[in-house]
Amino acid sequence: MASCCGPARNSPVGASQGETWPAEVGVEEEESPAEVGSSGGESTAVPGPDGQLLTELAALAPQDLAMIGLSGGTFLMGSEDPLAYPDDGEGPVREVGIEGFAIAATTVTVAEFAAFVASTGHRTDAETHGDSLVFAGLLAGGLHETSPAVQATPWWRQVTGATWFHPAGTGITGTAGVPGVPDVPGVPGSTLEGATLSHWATHPVTHVSRTDAEAYAQWVGARLPSEAEWEFASRGGLEQQPYPWGAVREPGGEARMNTFTGVFPDGPTQPVGTVPADWYRPNGFGLHNTTGNVWEWTSSEFSAHDPRPVLRGGSYMCHDSYCRRYRTSARTAATPDTSLGHTGFRLALSV
């Protein structure tokens with residue numbers, strides 16, 4: 001299991017200065033759970049979101065829980081395609097039966113999570129621990145110099161104050177100092193540069209752990225999908241296709257998902273970060289962005305020997321030079337208290 005997709009909260013961190021990017025990013029280093037050690041430092045809990053920001057974001061959340069009902073059935077789960085990672089447990093391809101269930105068309109948004117926090121006072125694991133993991137390319141100024149790098153993957157930084165409402169750390173905003181306007185995390189060069197509050201509100205919430213996702217699901221009377229349910233829904237009725245729309249990654253040159261473009265990690269040709277949860281066209285079942293944008297927590301364990309929760313879908317950091325996990329069968333795992341800037345979740349319901 002490679003840490004490139006998202007190191008765990010307790011991944012070893014080193015000095016934040018002096019490391020070099022790999023000259024050529026090729027096949028990622030494999031990492032066993034035993035190699036994930038203790039954190040490189042201690043953090044202090046951070047305060048919750050500004051009251052005005054929370055109120056205005058929560059007001060933008062929809063009032064109803066919209067879900068897509070699926071009748072279930074059998075499908076071929078997993079992949080043995082050359083693009084697959086056998087060590088991740090993508091194969092063998094096997095027939096799996098799914099009972100009828102409902103699943104959200106999109107991941108939970110910033111606005112929806114804000115409504116949850118406003119109603120319950122929930123504090124995320126990132127807030128309690130005082131830090132979260134952020135892609136170095138989204139850090140500005142001093143944070144880039146002072147935030148320690150994850151040793152195995154230095155493009156990940158342990159950032160003090162990074163939370164769902166400060167996804168690139170505190171003090172990184174696009175509207176700071178404007179009277180009466182809540183701060184929006186408009187990091188230069190990111191997908192949020194120049195964003196309005198109403199636009200940011202439609203993006204997937206990030207920096208939420210599996211524990212946070214479960215708390216939200218319980219609040220709305222739903223649950224997280226199992227890994228098999230997630231893949232069944234992600235495939236949209238297609239059989240053994242790597243993408244929710246078929247076999248070709250960019251049909252006719254059209255991008256269908258949000259992944260890293262350019263040279264990873266320090267040569268992007270497009271803004272880096274999340275896009276709105278419904279940004280790209282839906283699959284055959286009506287689900288948006290089940291590949292790319294953000295990894296999504298599920299209720300399943302990675303394997304019989306590895307109890308860490310499974311994440312599915314890939315993210316805006318996936319790049320074919322080192323991580324092809326932007327496919328319907330791709331999977332990774334992290335500890336349930338891990339929070340990252342490229343990870344969110346969507347809801348499911350039993351019917």
Side-chain angles (χ1 to χ4, degrees), residues 1-8 11 13-14 16-31 82-85 87-88 90 132-140 143-145 147-159 162 167-169 187-193 203-204 206-207 242-243 248-250 253-275 279-280 289 291-296 311-327 329-334 338 340-344:
M1 173 59 59
S3 63
C4 60
C5 297
S11 294
V13 294
S16 61
Q17 302 181 45
E19 78 277 357
T20 58
W21 299 124
E24 181 177 355
V25 182
V27 178
E28 65 275 22
E29 292 185 15
E30 294 302 315
E31 173 189 84
L83 294 175
Y85 292 104
D87 289 343
D88 287 357
E90 287 193 50
S132 192
L133 293 157
V134 181
F135 175 53
L138 294 177
L139 298 179
L143 281 179
H144 195 281
E145 301 301 321
S147 300
V150 174
Q151 291 176 4
T153 48
W155 49 84
W156 280 108
R157 299 299 184 90
Q158 180 181 306
V159 178
V187 182
S190 80
T191 53
L192 289 175
E193 182 175 4
H203 283 234
T206 56
H207 294 291
Y243 308 111
V248 180
R249 181 177 170 183
E250 295 188 351
E254 177 191 358
R256 298 284 185 93
M257 60 182 167
N258 177 29
T259 57
F260 193 98
T261 61
V263 179
F264 188 88
D266 57 353
T269 55
Q270 296 290 333
V272 178
T274 58
V275 296
W279 191 250
Y280 292 97
N289 296 344
T291 54
N293 214 25
V294 293
W295 283 97
E296 300 178 24
L311 298 107
R312 300 296 301 262
S315 79
Y316 62 80
M317 287 179 62
C318 286
H319 188 278
D320 59 10
S321 68
Y322 85 106
C323 178
R324 302 181 302 273
R325 294 181 178 86
Y326 41 62
R327 295 168 294 104
S329 60
R331 59 202 302 264
T332 191
T338 295
L340 302 118
H342 70 348
T343 300

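These numbers come from a predicted model, not from an experiment. Numbers here simply count residues along the sequence, with the first being 1.
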Going by heavy atoms in the side chains, are [X] and [Y] under 4.5 Å from each other?
X      : Y      : value
Ser147 : Leu139 : yes
Pro265 : Tyr322 : no
His207 : Val134 : yes
Trp295 : Thr332 : yes
Arg324 : Tyr85  : yes
Trp156 : His342 : yes

How close do [X] and [Y] get, heavy atom to heavy atom, and via which atoms?
X      : Y      : answer
Tyr280 : Asn258 : CE1-N, 3.5 Å
Pro154 : Ala136 : O-CB, 4.4 Å
Phe264 : Met317 : CE1-O, 3.6 Å
Arg249 : Asp320 : NH1-OD2, 3.6 Å
Asp88  : Arg325 : OD2-NE, 2.6 Å
Ser132 : Ala162 : CB-O, 3.4 Å

Check: What residues form a salt bridge (Lys or Arg N to Asp or Glu O under 4.0 Å) with Glu254, not counting sequence neighbours?
Finding: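 Glu254 satisfies salt bridge (Lys or Arg N to Asp or Glu O under 4.0 Å) with Arg256, Arg281 once adjacent residues are dropped.
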Item to complete: Using the test salt bridge (Lys or Arg N to Asp or Glu O under 4.0 Å), find all partners of Arg327 that sit at least two apart in sequence or belong to another chain.
Response: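 In terms of salt bridge (Lys or Arg N to Asp or Glu O under 4.0 Å), with neighbours along the sequence ignored, Arg327 is linked to Glu90.
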Contacts of Asn289 that satisfy side chain to side chain donor-acceptor pair (under 3.5 Å) - sequence neighbours left out: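 Partners of Asn289 by the side chain to side chain donor-acceptor pair (under 3.5 Å) criterion come out as none, since no residue qualifies.
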| request: Could you tell me which residues satisfy side chain to side chain donor-acceptor pair (under 3.5 Å) with Tyr243, sequence neighbours excluded, listed by chain and number? | output: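 Here no residue qualifies.
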Exercise for review: Could you tell me how the ring of Phe135 sits relative to the ring of Phe260: parallel (under 30°), tilted (30 to 60°) or perpendicular (over 60°)?
Suggested key: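 The arrangement is perpendicular - the two ring planes meet at more than 60°.
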In Å and rounded to the nearest 0.5 Å, what is the [atom1] to [atom2] distance from [X] to [Y]?
X      : Y      : atom1 : atom2 : value
Leu133 : Thr338 : CG    : OG1   : 7.5 Å
Glu193 : Leu138 : CD    : CG    : 11.5 Å
Glu296 : Arg312 : CD    : CZ    : 10.0 Å

Practice prompt. Quick one: list whatever passes ring-ring contact (aromatic ring centres under 6.0 Å, His included) with His203, sequence neighbours left out.
Written response: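 Checked His203 against ring-ring contact (aromatic ring centres under 6.0 Å, His included); matches are His199.
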Review point. How would you list, by chain and number, every residue that makes a side chain to side chain contact (heavy atoms under 4.5 Å, CB included) with Thr206, sequence neighbours excluded?
Key: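 With neighbours one apart ignored, the set is Pro167, Thr274, Val294.
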